[in-house]
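Okay, structure first, notes after.
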Amino acid sequence: MDFSKELDPEQYAAVTRTEGPVLIIAGAGSGKTRVITYRIAKLLLDGVPEKSILALTFTNKAAKEMSDRARELVRKPLKELMVSTFHAFGAWILRHEIHRLGWKENFTIYDEQDRMASVKECARETGLAMDSIDVQDIVRFISQCKTALLPGRAAGENCYESLEVFRQAGEVYQRLFREYRKALYIYNAVDFDDLIAMPIELFSRFPDIADRLRARFSHIMIDEFQDTSLQQYEFIMAFAGDNICAVGDDDQSIYSWRGANFGNIEKFERDHPGYFEIKLERNYRSTSTILKAANSVIAHNVKRKKKNLWSPSDLQGVPIVYSEEKDEAEEAERIVEKIRVLRISEGLSWQDFGILVRTNSQARIIEETLMEAGVPYRTAGGPSFYQRKEVKDMIAYLRAAANPDDDVSVMRIINVPRRGIGKVGLEKLISYARGRNQSLHDALEALEGANHPLCQQHATRDAIEFFAYLANARSAMLSRKIPVSAQLREMVKEIGYWRYLLEEHKSDDKVAGWKYRNIELLIASIERWERDPDIFDTSLFAYLARISLITRDDPEDTEGKVSLLTIHSAKGLEYEIVFLPGCEDGIMPHARSVEEGDGDIEEERRLFYVALTRARKRLYLSRCLERKHYSQVLTPAPSPFLEELPKELVKSEDEAEKDSRSEEEIQKELFARFKAKFASRAG
């Protein structure tokens with residue numbers, strides 16, 4: 001294999017420098033995965049055994065792609081090559097060594113739901129009242145303890161007790177942490193955080209394990225190095241030898257909120273004096289226009305390694321288009337209209353378009369507009385707006401009001417907010433209904449006139465009151481005296497849902513506020529639907545039928561769909577055409593980052609940079625002159641990042657429209673061409 005013909009000069013240097021510590025700064029679109037897979041091939045061709053190579057990345061998809069491409073290059077099965085995620089590699093270590101900590105090798109790995117259930121069980125076992133604790137906050141505390149564990153602090157069975165985060169917690173949290181860890185031991189289980197924390201504990205208590213790993217893995221490569229946490233860095237360095245290669249880009253470090261520390265690049269440099277550095281700056285993805293814009297923006301960050309992306313092709317590309325819309329509804333409509341036009345004029349598929357948002361709340365109106373226009377789409381980076389618990393609760397209230405025999409909706413909300421319908425009492429009522437082959441509503445109606453022991457129970461009386469309330473709401477909506485939106489707003493107030501959210505999120509009322517805002521957004525969307533002059537039936541049933549269409553989606557089916565993603569979840573992806581709405585101060589950068597200091601502003605700028613570099617050919621930026629925030633209408637200023645774009649690279653929407661045609665005009669032209677072609681064949 002002639003590597004010099006397959007790779008550009010910088011890639012060739014990165015692939016062939018296989019000995020000693022190497023730091024590869026791989027800019028966006030510079031062929032990072034190609035370099036790693038060719039590097040693996042080079043090591044194998046140089047005679048390094050498969051089992052001596054370890055490559056670590058962050059997703060199963062990336063790991064599979066690397067291993068598949070390496071196999072294609074060397075044309076061998078490579079059964080002993082280790083290409084893995086950090087956590088899968090940690091699990092592999094535990095399968096071999098966890099018996100030293102007292103667990104058995106056939107341990108179970110708990111997911112987030114399992115962990116929540118176990119914490120609740122521990123709380124009950126210790127006699128704590130469930131309404132006196134915030135289970136989610138306790139789970140966060142447990143995770144903070146485990147992700148804080150580093151090799152120097154992991155010696156001894158009580159290694160967590162000395163951690164600052166543990167010592168500062170209250171006695172209840174400390175007790176629940178101990179009980180939870182004891183429960184994991186009893187049930188021979190570990191959680192996701194343990195997959196890194198427990199190997200670190202093993203390395204500290206049993207140094208021979210790290211020695212054996214060091215002897216086996218002579219060559220280690222770490223992908224997305226800027227996304228590693230301090231714990232993950234120490235985890236690898238505990239057994240890494242001299243031949244370690246870190247591949248990353250500090251300009252794409254956007255995950256500090258989950259522990260990522262791009263300072264690990266500087267730490268790598270300090271820990272490996274004499275390291276060899278290579279910069280990959282040739283971008284094979286975007287036009288020169290997009291790259292110049294991205295370079296100009298990111299250059300304003302102080303804490304970075306200087307680099308300048310450039311395109312080896314002569315493709316200058318079209319200018320970036322910037323528009324200002326009246327509000328978020330107009331912004332969404334303009335985006336969807338533009339997608340429909342460009343799909344025809346450019347001969348593209350739906351999956352060639354990416355709409356990238358800074359926050360999930362921005363996606364709601366865009367999601368609705370895509371659905372109403374019949375454009376297939378997928379969401380990522382957070383649940384679809386209509387899949388959020390508080391939104392599903394409200395829709396369940398409407399469904400139960402429309403159809404009290406809908407037990408699925410009824411069971412979701414009968415105790416939300418909490419009523420006097422206890423679990424035991426509810427189970428008896430359900431058992432009674434199932435025994436009579438009836439819905440819960442019909443069974444309660446039958447109980448009302450019967451002298452049954454269940455009638456004497458509080459749960460029955462409270463459930464009857466609940467259904468009476470739903471009947472009144474249904475009557476009001478069906479009579480058309482009260483619109484669906486107004487009735488739902490009244491429902492939220494009457495059932496005390498705000499109070500319920502505050503109780504559920506005692507430790508963070510911001511979460512409660514965010515969830516309540518989602519309900520307000522839902523009500524606002526219903527109001528807009530009711531005001532639409534093209535909608536003739538605004539009944540409750542018509543709205544519920546519409547919601548069923550909105551929420552229908554197959555998460556496995558991602559082909560042939562526009563991507564509506566958060567910028568965080570779009571990292572590593574690319575699209576022919578990218579739309580970036582919400583280029584406003586307060587969204588981009590996010591208001592929270594402004595409050596928290598300059599370091600956060602730099603991460604926000606990195607987010608903007610990542611969004612820009614997802615685009616291959618065209619980039620559309622937009623902002624709203626007015627935007628709703630809770631019940632207020634704000635007039636946000638433009639994003640300061642817009643000022644960092646070179647003026648000559650950006651064209652206004654009005655200027656761009658002079659060069660563009662409507663979807664109707666394009667369709668007429670295509671039809672005329674088809675007609676002429678058909679006529680010539682017929683002749």
Side-chain angles (χ1 to χ4, degrees), residues 287 290 317-357 362-380 384-386 525 528-529 532-535 546 549-554 557-566 570 573-583 611-612 614-624 650-675:
T287 65
I290 292 168
V318 298
I320 295 165
V321 177
Y322 168 69
S323 65
E324 294 182 340
E325 313 297 347
K326 178 177 176 261
D327 55 25
E328 51 264 65
E330 190 174 288
E331 182 180 49
E333 287 165 8
R334 187 64 63 91
I335 289 171
V336 174
E337 178 191 0
K338 186 63 69 177
I339 287 174
R340 289 164 65 99
V341 169
L342 289 170
R343 177 171 169 264
I344 297 169
S345 65
E346 301 288 321
L348 299 171
S349 300
W350 294 120
Q351 65 260 33
D352 292 323
F353 296 90
I355 308 171
L356 310 186
V357 294
Q362 288 177 264
R364 188 262 318 162
I365 182 67
I366 300 171
E367 187 177 351
E368 278 200 351
T369 308
L370 287 165
M371 185 278 302
E372 288 167 358
V375 174
Y377 70 93
R378 70 182 184 99
T379 60
S384 163
F385 177 78
Y386 292 98
S525 74
R528 190 171 59 256
W529 172 74
D532 189 333
D534 295 328
I535 303 295
R546 175 176 176 272
L549 292 174
I550 292 175
T551 55
R552 184 184 61 189
D553 190 27
D554 178 4
D557 180 18
T558 58
E559 292 299 315
K561 293 183 178 182
V562 172
S563 292
L564 173 57
L565 313 171
T566 61
L573 303 177
E574 60 184 63
Y575 301 94
E576 294 294 302
I577 299 176
V578 165
F579 292 86
L580 185 58
C583 294
L612 299 182
R614 297 312 93 197
R616 297 186 66 192
K617 291 183 179 176
R618 291 177 181 262
L619 186 57
Y620 290 84
L621 312 179
S622 60
R623 81 173 184 98
C624 296
V650 182
K651 182 184 284 190
S652 72
E653 180 72 14
D654 291 338
E655 291 175 299
E657 280 187 346
K658 291 176 186 175
D659 305 325
S660 66
R661 296 171 295 162
S662 70
E663 182 179 6
E664 186 179 357
E665 289 172 326
I666 294 165
Q667 286 176 332
K668 281 181 180 177
E669 183 183 316
L670 289 173
F671 181 73
R673 285 182 196 167
F674 175 78
K675 190 176 177 182

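Keep in mind that this is a model prediction, so the values were computed, not measured.
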Before giving the answer on side chain to side chain contact (heavy atoms under 4.5 Å, CB included), spell out for L565 and V357 the whole-Å C-alpha distance, their side-chain angles and the decisive distance to 0.1 Å. CA-CA 6 Å; L565 313 171; V357 294; over 6 Å; no
Could you walk me through whether E333 and T369 pass side chain to side chain donor-acceptor pair (under 3.5 Å), step by step? CA-CA 6 Å; E333 287 165 8; T369 308; 5.8 Å; no
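- A salt bridge is absent between R364 and E328; no separation between the charged side-chain nitrogens and carboxylate oxygens falls under 4.0 Å.
- R614 places no side-chain N or O within 3.5 Å of a backbone atom of I577 that could act as its donor or acceptor partner.
- Judged purely by distance below 3.5 Å, without hydrogens or angles, the side chains of S563 and Y575 pair a donor atom with an acceptor atom.
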Which is it for V321 and L621 under the side chain to side chain contact (heavy atoms under 4.5 Å, CB included) test, yes or no, and what are the steps along the way? CA-CA 6 Å; V321 177; L621 312 179; over 6 Å; no
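- Nearest heavy-atom pair, E331 versus G582, reported as atom, atom and distance to 0.1 Å: OE2-N, 3.1 Å.
- Counting all heavy atoms, side chain and backbone alike, A373 lies closest to V336 at CB-CG1, 3.6 Å.
- Partner of L612 under the side chain to side chain contact (heavy atoms under 4.5 Å, CB included) criterion, chosen from L356, L619, I320: L619.
- Residues E653 and R334 are paired through a salt bridge, judged by an N-O separation under 4.0 Å between the basic side chain and the carboxylate.
- Minimum heavy-atom separation, I339 to F353: O-CZ, 3.7 Å.
- Using a 4.0 Å cut-off between a side-chain N of Lys or Arg and a carboxylate O of Asp or Glu, E324 and R623 qualify as a salt bridge.
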Verdict with reasoning, L370 to W350, per side chain to side chain contact (heavy atoms under 4.5 Å, CB included): CA-CA 11 Å; L370 287 165; W350 294 120; over 6 Å; no
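- Each of R618, K617, K338 was compared with E346 under the salt bridge (charged side-chain N to carboxylate O under 4.0 Å, His left out) criterion, and only R618 meets it.
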Go through the steps to decide whether R378 and L564 satisfy the test side chain to side chain contact (heavy atoms under 4.5 Å, CB included), and finish with yes or no. CA-CA 6 Å; R378 70 182 184 99; L564 173 57; over 6 Å; no
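- In terms of heavy atoms, I366 sits closest to P581 at CD1-CG, 3.9 Å.
- Checked by atom type and distance alone, the side chain of E330 pairs as donor or acceptor with a backbone atom of K326 at under 3.5 Å.
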